[in-house]
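Presented below is the structure to which this report refers.
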Amino acid sequence: MNDPDRRASARTLAVVGGGVIGLTCALAAADAGHRVRVYDAGHHGRAAWVAAGMLGSLGEGHPGEDALLELSTASARRWPDLVARLGDPAVMAATDSLFVAMSSADAHHLGGLAEFVWARQPRAHNDLRAVDHAEIRRLEPAVTSRVHSGYLATGEGAVDNRRLLDRLQHAVRHAGAEIVERRVADLADLPEDEVLVAAGLGSRALVSEVALHAAKGEVLRLRRTNWSVPPPTRVVRARLHGRAVYLVPRADGIVVGATQYEPYSVTSTAPEVGGVLDLLADATELMPGLRTYELAEAGAGLRPCSPDGLPVIRRIDERVVVATGHGRNGILLAPYTADRVMALLDGHEEPMLDVGMTNEGVRR
Ligand SMILES: Cc1cc2nc3c(=O)[nH]c(=O)nc-3n(C[C@H](O)[C@H](O)[C@H](O)COP(=O)(O)OP(=O)(O)OC[C@H]3O[C@@H](n4cnc5c(N)ncnc54)[C@H](O)[C@@H]3O)c2cc1C
């Protein structure tokens with residue numbers, strides 16, 4: 001993994017961007033013997049810092065996004081190895097997700113999504129199953145008694161995104177790579193043999209071939225008090241008033257997410273009043289006991305989105321590879337991206353999905 005002979009002979013790699021994508025790729029490259037330096041402009045504006053950390057593959061399966069479901073499922077399977085590599089099981093904040101419908105119309109909608117996932121991922125029959133009102137109440141007593149029915153996605157969990165970033169930084173350094181705080185303005189200024197641009201939205205300014213737009217989203221962090229009911233043990237996801245809301249457990253409370261405004265041309269990452277109000281209203285309706293939690297943080301971030309919703313992971317020229325455009329799923333897709341980037345650095349251009357379907361037009 002960290003063989004000095006191999007490292008001495010290896011080519012040097014600059015990774016531009018120290019978010020979840022840049023760090024996961026940097027770790028894979030350092031483990032493979034590359035001499036890696038990560039250039040990062042800092043924590044401000046990093047989407048992975050704001051994010052909720054859901055590893056939502058089945059729950060992110062929407063008709064028309066077949067290729068994304070394939071990539072998501074492929075990446076979800078790689079997560080246990082990444083957590084083992086980081087050596088910290090507490091990076092995982094939850095291991096299952098519960099999708100709840102508040103009405104029969106919602107239940108019908110959720111049922112359609114489940115049918116889509118089952119059709120595309122036959123193996124998902126083992127991992128995604130219908131649950132009725134009584135089972136939801138038994139599984140998660142803190143969820144409102146007004147729930148109608150739902151689906152339990154076993155194995156579809158969440159990570160503590162901030163702990164993950166911390167552990168990734170630690171592992172990258174421990175693997176022999178360097179992390180320097182610097183905003184890169186021009187790739188030509190970098191002395192390394194090869195460059196990976198993984199700067200999220202910042203990739204636009206460095207690689208003109210890549211089209212990206214921002215999708216702004218607000219997230220709340222709620223802290224449990226001594227007199228609060230415990231948070232759910234699973235990720236709980238619902239639609240209320242036509243809006244998606246989810247509760248993601250943390251050791252000290254719950255992350256509530258997330259709004260989405262797309263396309264978004266403003267670069268401000270200040271949370272907006274309307275977004276915070278909607279999240280609070282929906283979250284407390286879904287779990288009434290949240291009213292006694294403390295509002296520890298209201299944050300907002302900009303998801304780096306590609307025009308077709310798929311990540312852009314490809315070679316730009318002989319020296320430069322890019323990995324960006326992960327939209328709402330960048331944390332989930334990090335291990336898959338790292339494998340794909342390593343294949344590109346090793347000279348393999350062919351697609352490498354490890355799931356059974358062809359995905360013409362998928363930029364992998
Ligand atoms: C509200 C919200 C909720 C989300 N929830 C989830 C979720 O539950 N699950 C999930 O999988 N994903 C989620 N996401 C999406 C996820 O956060 C992103 O897809 C992911 O963070 C993208 O990773 P990245 O490394 O490409 O970009 P970022 O995390 O944005 O990191 C980019 C890094 O590059 C650096 N940088 C930029 N320009 C330069 C430069 N010129 N030179 C040097 N460094 C530079 C920045 O400082 C930053 O550190 C969410 C996002 C938001 C906003």
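Each ligand, and each atom within it, is numbered from 1 in the order the structure gives.
Distances from atom 38 (N) of ligand 1 to the heavy atoms of R46, R183, R204, E181 show the closest one on R183. When A323, G299, G200 are checked for heavy-atom proximity to atom 27 (O) of ligand 1, G200 turns out nearest. Considering only non-hydrogen atoms, atom 53 (C) of ligand 1 lies nearest to R303 out of R303, R328, K216. Of all the listed residues (A14, A51, A198), A51 holds the heavy atom that lies closest to atom 3 (C) of ligand 1. Here atom 40 (C) of ligand 1 lies nearest to V184 when heavy atoms of V50, L23, V184 are compared.
The G330 neighbourhood of ligand 1 comprises atoms 10 (C), 11 (O), 12 (N), 15 (C), 16 (C), 18 (C), 19 (O), 20 (C), with distances under 4.0 Å to a heavy atom of that residue. Residue-ligand proximity, G217 to ligand 1, at heavy-atom distances under 4.0 Å covers atoms 1 (C). For ligand 1, the atoms closer than 4.0 angstrom to any heavy atom of G301 are 53 (C). Distances below 4.0 Å separate heavy atoms of V16 from the following atoms of ligand 1: 42 (N), 43 (C). Each of the atoms 10 (C), 11 (O), 12 (N) of ligand 1 lies under 4.0 Å from some heavy atom of N329. Taking every non-hydrogen atom of Y39 and a distance limit under 4.0 Å, the qualifying atoms of ligand 1 come out as 43 (C), 44 (N). Near A48, meaning under 4.0 Å from one of its heavy atoms, ligand 1 places the atoms 17 (O), 21 (O), 29 (O). Taking every non-hydrogen atom of L206 and a distance limit under 4.0 Å, the qualifying atoms of ligand 1 come out as 41 (N).
For R182, every heavy-atom contact with ligand 1 shorter than 4.0 Å involves the backbone, none the side chain. Only the side chain of V219 comes within 4.0 Å of ligand 1, counting heavy atoms alone; its backbone N, CA, C and O stay farther away. Using a 4.0 Å cut-off between heavy atoms, T324 makes no contact with ligand 1 at all.
Checking side-chain atoms of D346 against main-chain N and O of H348 turns up no donor-acceptor pair under 3.5 Å. Judged by distance alone, the side chain of T284 and the main-chain N or O of L280 form a donor-acceptor pair under 3.5 Å. A side-chain donor-acceptor contact under 3.5 Å links Y293 to the backbone of V229. With hydrogens and angles ignored, the 3.5 Å screen pairs a side-chain donor or acceptor of H133 with a backbone N or O of V147. Although no hydrogens or angles enter the test, the distance criterion places no donor-acceptor pair under 3.5 Å between the side chain of T12 and the main chain of R35. When atom types are taken as modelled, the side chain of E140 and the backbone of R234 share a donor-acceptor pair closer than 3.5 angstrom. No donor-acceptor pair closer than 3.5 Å links the side chain of T24 to the backbone N or O of T337.
Considering CE of M54 and CZ of R328, their distance stands at 9.5 Å, rounded to 0.5 Å. If you take CZ on R314 and OG1 on T324, they are separated by 11.5 Å, rounding to the nearest 0.5 Å. From L286, atom CG reaches atom CG of L240 across 6.0 Å, with rounding to the nearest 0.5 Å.
Closest to atom 31 (O) of ligand 1, if we only count protein heavy atoms, is G19 CA, 3.4 Å. Here the heavy atom of the protein found nearest to atom 9 (N) of ligand 1 is M54 O, 2.9 Å. With respect to atom 22 (C) of ligand 1, the closest heavy atom belonging to the protein is P304 CG, 4.0 Å. The closest protein non-hydrogen atom to atom 30 (O) of ligand 1 is A47 N, 2.9 Å. At the shortest separation from atom 48 (C) of ligand 1 among protein heavy atoms lies D40 OD1, 3.5 Å. Nearest protein neighbour of atom 47 (O) of ligand 1, counting heavy atoms only, is G42 O, 2.8 Å. The nearest heavy-atom contact from the protein to atom 44 (N) of ligand 1 is A41 N, 3.0 Å. Ranking protein heavy atoms by distance to atom 24 (P) of ligand 1, first place goes to I21 CG1, 3.7 Å.
Counting non-hydrogen atoms of neighbouring residues, nucleotides and ligands closer than 6.0 angstrom, the CD atom of E297 exceeds 12 such neighbours.
Under the 4.5 Å side-chain heavy-atom criterion for Ile, Leu, Val, Met, Phe, Trp and Tyr, L187 and V312 are members of the same hydrophobic cluster.
When each of R291, R243, R239, R146 is paired with E285, the salt bridge (Lys or Arg N to Asp or Glu O under 4.0 Å) condition holds for R146 and for no other.
Where the criterion is an N or O separation shorter than 3.5 Å, residue side chain and backbone included, A215 fails it with respect to ligand 1. At under 3.5 Å, a nitrogen or oxygen of G327, whether backbone or side chain, sits near a nitrogen or oxygen of ligand 1.
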For a quick test of your reading: what N or O donor-acceptor pairs under 3.5 Å do the side chains of residues 100-109 make, sequence neighbours left out?
| unit_1 | atom_1 | unit_2 | atom_2 | d |
| --- | --- | --- | --- | --- |
| S103 | OG | A105 | N | 3.4 |
| S103 | OG | D106 | N | 3.1 |
| D106 | OD2 | M102 | N | 3.0 |

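Using a 4.5 Å cut-off on side-chain heavy atoms (C-beta onward), N161 and V20 make no contact. Contact of the T259 side chain with the E272 side chain is not registered, since no non-hydrogen atoms from C-beta on lie closer than 4.5 Å.
Proximity of G53 to ligand 1 is established by a heavy-atom distance of less than 4.0 Å.
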